[in-house]
Amino acid sequence: MSWPIGDLCRMSGVTSRTLRHYHRIGLLEPERTGPGGIRHYGRGELLRLQRILVMRELGMGLADIARALDERTGEADALRAHLRDLLAERDRIDTLVDTVRRTIGALEEDDGMHDVDRPEELFAGFDTTAYAERARAEWPREWEQARRASEALTGEDRDRQQAELAARMRRMADHLAAGTPPADQAVQAEVHAHFLEVSRMWTPDAGAFENLGRVYAEEGAWRAVYERVAPGLAEYQRDAMAVYARERLAGPGARRETGGGGPGRGEART
């Protein structure tokens, strides 16, 4: 039994344009092509599409999906592997839900204050995979440098760095609340410490460091973290990093202070 492309679109929620694209790149070929060029898909193709959709939900790119599908694995074994991934993702979402609930409770107990006693808890459950994939595509050399440094981190390293980041975010939130300009010396001292930590993972130039600040402020997991510490903190961090990049890193006389080697903060992987 086979189904024409229109029926498959209705059953799966996948558009005909997407199915045609999958056909063109060899990811999902139809079982046969009928009169008028209508594509028809059989049971095997439906199972393959199910695997594709599961892997897409897990955030995998099409090239990685193609490699996974090419592995000689039985359908049941492959779906068991996908099930394990989905359960892990469910656990991550559950952690994220708990994180948001704790944040709401802290805000309500604090009578409207947006800072929290333990802002490092805000990181629990947040997924920065999209940032890593973007960095891998746009800055492969820096991404590889950061990946090697990240693999060297121990659990204690990560806990320490997360606590340091939380403390620095709290201090930046205090500067924001006091109306301190991003170019102020005290604010720039915090940004300099941030630059040193980033440089333990990869060494950004002026443009890369300024772009990293923009990443923190755009919609996504990092903006959510900053904004839960204090509304407007993401933009404040971005602006302060832009000042630092232009005044400390740009130009022929710029100082490059990397603070030594060794692994650093996972945030630098963005």
Side-chain angles (χ1 to χ4, degrees), residues 1-101 123-144 146-148 150-151 215 218-225 266 269-270:
M1 183 176 181
S2 64
W3 295 264
I5 188 171
D7 289 350
L8 182 56
C9 290
R10 285 189 289 273
M11 288 187 294
S12 66
V14 178
T15 67
S16 60
R17 180 179 179 181
T18 296
L19 291 175
R20 290 194 296 269
H21 176 63
Y22 288 171
H23 184 190
R24 282 195 300 271
I25 65 176
L27 189 62
L28 179 66
E29 298 184 1
E31 181 183 60
R32 63 183 176 88
T33 301
I38 301 298
R39 295 171 172 84
H40 290 257
Y41 297 83
R43 179 180 179 276
E45 288 72 39
L46 265 64
L47 290 172
R48 186 177 177 92
L49 178 60
Q50 182 191 47
R51 292 184 61 190
I52 292 170
L53 296 179
V54 168
M55 286 186 279
R56 289 294 283 168
E57 286 294 323
L58 293 170
M60 293 177 62
L62 294 181
D64 291 332
I65 291 174
R67 284 192 290 271
L69 291 173
D70 287 341
E71 295 176 354
R72 295 183 177 277
T73 305
E75 292 292 343
D77 289 339
L79 287 174
R80 287 191 190 96
H82 297 327
L83 177 60
R84 288 194 296 271
D85 292 338
L86 287 170
L87 291 173
E89 177 67 5
R90 184 189 65 183
D91 291 343
R92 188 189 71 81
I93 294 297
D94 288 344
T95 300
L96 181 58
V97 169
D98 290 341
T99 296
V100 174
R101 283 174 174 165
F123 300 115
F126 282 90
D127 184 8
T128 57
T129 302
Y131 298 124
E133 290 301 317
R134 174 177 167 184
R136 183 178 185 178
E138 297 183 16
W139 306 286
R141 182 178 62 84
E142 291 82 357
W143 177 86
E144 179 60 24
R147 184 191 64 80
R148 290 196 300 268
S150 179
E151 288 179 350
V215 169
E218 68 187 21
E219 290 300 326
W222 278 116
R223 178 183 177 86
V225 169
R269 288 175 288 172
T270 56

Asker: Specify the closest pair of heavy atoms between Ser2 and Arg32, including all atoms of both residues, with the distance to one decimal.
Answerer: OG-NH2, 3.6 Å
Asker: Please report the C-alpha distance between Leu47 and Gln50 in whole Å, then the side-chain angles of each, then the deciding distance to 0.1 Å, and finally whether the side chain to side chain contact (heavy atoms under 4.5 Å, CB included) criterion is met.
Answerer: CA-CA 5 Å; Leu47 290 172; Gln50 182 191 47; 4.2 Å; yes
Asker: Determine whether a donor-acceptor pair (N or O, by modelled atom type, separation under 3.5 Å) exists between the side chain of Arg48 and the backbone of Leu27.
Answerer: yes
Asker: Below 4.5 Å, heavy atoms only, C-beta onward: do Glu45 and Leu8 meet side chain to side chain?
Answerer: no
Asker: Do Cys9 and Leu19 touch side chain to side chain, with heavy atoms closer than 4.5 Å?
Answerer: yes
Asker: Kindly give the heavy-atom pair with the smallest separation between Arg56 and Gly61, and that separation in Å.
Answerer: NH1-CA, 4.0 Å
Asker: So do the side chains of Arg43 and Leu46 get within less than 4.5 Å of each other, counting heavy atoms only?
Answerer: no
Asker: State the CG-CG distance between Leu28 and Leu53, to the nearest 0.5 angstrom.
Answerer: 9.0 Å
Asker: Quick one: which of His23, Arg20, His40 gives a side chain to side chain contact (heavy atoms under 4.5 Å, CB included) with Pro30?
Answerer: His23
Asker: Would you check if Ile52 and Tyr22 make a side-chain contact, meaning some heavy-atom pair closer than 4.5 Å?
Answerer: yes
